[in-house]
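What follows is one structure encoded as structure tokens, with my remarks underneath.
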Number of protein chains: 2
Amino acid sequence: MSFLSHLSSIISVSDSLQTELNSVTKQITVSKNQSIINIGHRCNDIYFVEKGLLRGYYLEEGKEITNWFAQEGEFGTCFYSFVAIKPSFETIQSLEDCILTQLPYSSLQNLYIKFPETERLGRIITETYYIKLEERLLSIQFKTAKERYQNFVLSKSSLLQRTSLGQIASYLGITQETLSRIRAEI
Amino acid sequence: MSFLSHLSSIISVSDSLQTELNSVTKQITVSKNQSIINIGHRCNDIYFVEKGLLRGYYLEEGKEITNWFAQEGEFGTCFYSFVAIKPSFETIQSLEDCILTQLPYSSLQNLYIKFPETERLGRIITETYYIKLEERLLSIQFKTAKERYQNFVLSKSSLLQRTSLGQIASYLGITQETLSRIRAEI
DNA sequence: GTAAATTTTTGACAATTATCAAAAAAGAAA
DNA sequence: TTTCTTTTTTGATAATTGTCAAAAATTTAC
């Protein structure tokens, strides 16, 4: 699903805003295993995944901890860095060849001013991602490793073939050895 | 800090919006240990805490798991129920006598339409809460129980005297016995 | 196609945290 | 105060998950 049709599925997007969006966004292609943003740098853009798969990860005692995956039709960015204008604590990496729609922070802020309907889009999208994050927090807080994995299989089955065991394990907050054993016993 | 001055600290709020806010919100007082919203019911309002302390909790195998605290100057609601218009999975309870500013869902939706600046407020507030939630997720995912408690002491010290050990423990994703032992050894 | 590198699996063991039960302490009510 | 109720602490034990190490399997690169 393209960026514009994704937005249009949330609220109706005026022609003038569509035109403006086309002019301020950039379609970029990124090949597999590239780092788009590195830890410590400002994440100045939000990326909408047209095709491919992104992940965000941070380092904890030298190990990569996957914080999120963004597949087709989803946004990827270091939210904290982007919104708070601070250095990113995570690296954004392409797990596949990607086509991304890139929207810079300053363009978004201009859109917010020039097209108030964008505020509504921003609010609704943020609300949606908040609810997803809350769900994940509850799952990590009081489900066993096995339950979390089973839930992942149900809700993100499309990622099973596209990501490594280690990436999924750290996303679920468990070690890869434990996830390997969970897989073996199911 | 009052509801209006809290909003004004985010963006400048027009006089007409201030007037409207005064007319659509209601100041309510709630005595200690009351359930404002119960699990299974729609949470139709968002509450701004003028005075006192709220918490949201859900049940996991019969046990109360604290999902959030809202103290003076913070919002409390079952975000999922409020935004998605679904039954609440959590109960909102007053931990102290409270003065709350109550804003109903329908009034907020009207404000979004009538005063576009409200959209900006809604977006920015949601962004802020998203970042806090993400921080909490990272903390739960890869910190030990002791580290999480120490972080709680640093960032929420004002709650230490106002909440019970069991409430804090479940908020941190640990049992109260474990938290009691952590406290003993520090 | 073969070698090298990476990822996954398996084993042995350790650490953290949970569970269950009961005692102690603190707070609320009469 | 005195009793009752709730919360917190402590002890013994169990379960879950992590750590370290090495082997097996898979993927990548030449």
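In what follows, every chain begins at residue 1, and chains take the letters A, B, ... in the order their sequences are listed.
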Verdict with supporting geometry, A:Glu134 and B:Arg136, salt bridge (Lys or Arg N to Asp or Glu O under 4.0 Å): CA-CA 10 Å; A:Glu134 191 173 50; B:Arg136 213 174 127 211; over 6 Å; no
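Summarising the geometry, the separation between CD on B:Gln176 and P on D:dT8 is reported as 7 Å, rounded to the nearest angstrom. For B:Glu60 and C:dT19, the CD to P distance is 11 Å, given to the nearest whole Å. Between the CD atom of A:Glu61 and the P atom of D:dG18 there is a distance of 13 Å, given to the nearest Å. Look at CD on B:Glu64: it is 12 Å from P on D:dT6, rounded to the nearest Å. Rounded to an integer number of Å, the gap from A:Glu185 CD to C:dT8 P is 18 Å. A:Ile168 has its CD1 atom 12 Å from the C1' atom of C:dT8, to the nearest Å. Going from atom CD1 of A:Ile182 over to atom P of C:dT8 covers 14 Å, rounded to whole Å. In this structure, B:Leu179 places its CG atom 10 Å from P of C:dA18, rounding to the nearest Å.
Between the side chain of B:Arg181 and the base of D:dG11 there is at least one donor-acceptor pair of N/O atoms closer than 3.5 Å.
A sub-4.0 Å separation between OP1 or OP2 of C:dT16 and a side-chain N or O of B:Thr144 is absent. OP1 or OP2 of C:dA18 has at least one side-chain nitrogen or oxygen of B:Thr175 nearer than 4.0 Å. Close to D:dT17, at under 4.0 Å from its OP1 or OP2, lies no side-chain N or O of A:Thr178.
Relative orientation of the A:Tyr80 and A:Phe89 rings is tilted, given thresholds of 30° and 60° on the angle between their planes. The aromatic rings of B:Phe79 and A:Tyr130 are tilted relative to each other, their planes meeting at an angle between 30° and 60°.
Atom NZ of A:Lys63 has 12 or fewer neighbouring heavy atoms from other residues, nucleotides or ligands inside a 6.0 Å radius.
Look at A:Arg123 and B:Glu127 and you find no salt bridge, because none of the NZ, NE, NH1 or NH2 atoms lies under 4.0 Å from a carboxylate O.
With D:dT7, D:dA12, C:dT17 as the candidates, the nucleotide lying closest to the side chain of B:Ser164 is D:dT7. Among the nucleotides C:dT19, D:dT9, C:dT8, the one closest to the side chain of B:Leu165 is D:dT9. The side chain of B:Lys63 has C:dT19 as its nearest neighbour among C:dT17, D:dT10, C:dT19. For A:Ser180, the listed nucleotide lying nearest its side chain is C:dT10; candidates were C:dT10, D:dT10, C:dT17.
Nearest-nucleotide positions on DNA chain C for B:Ile174 and B:Lys32 put B:Ile174 closer to the 5' end.
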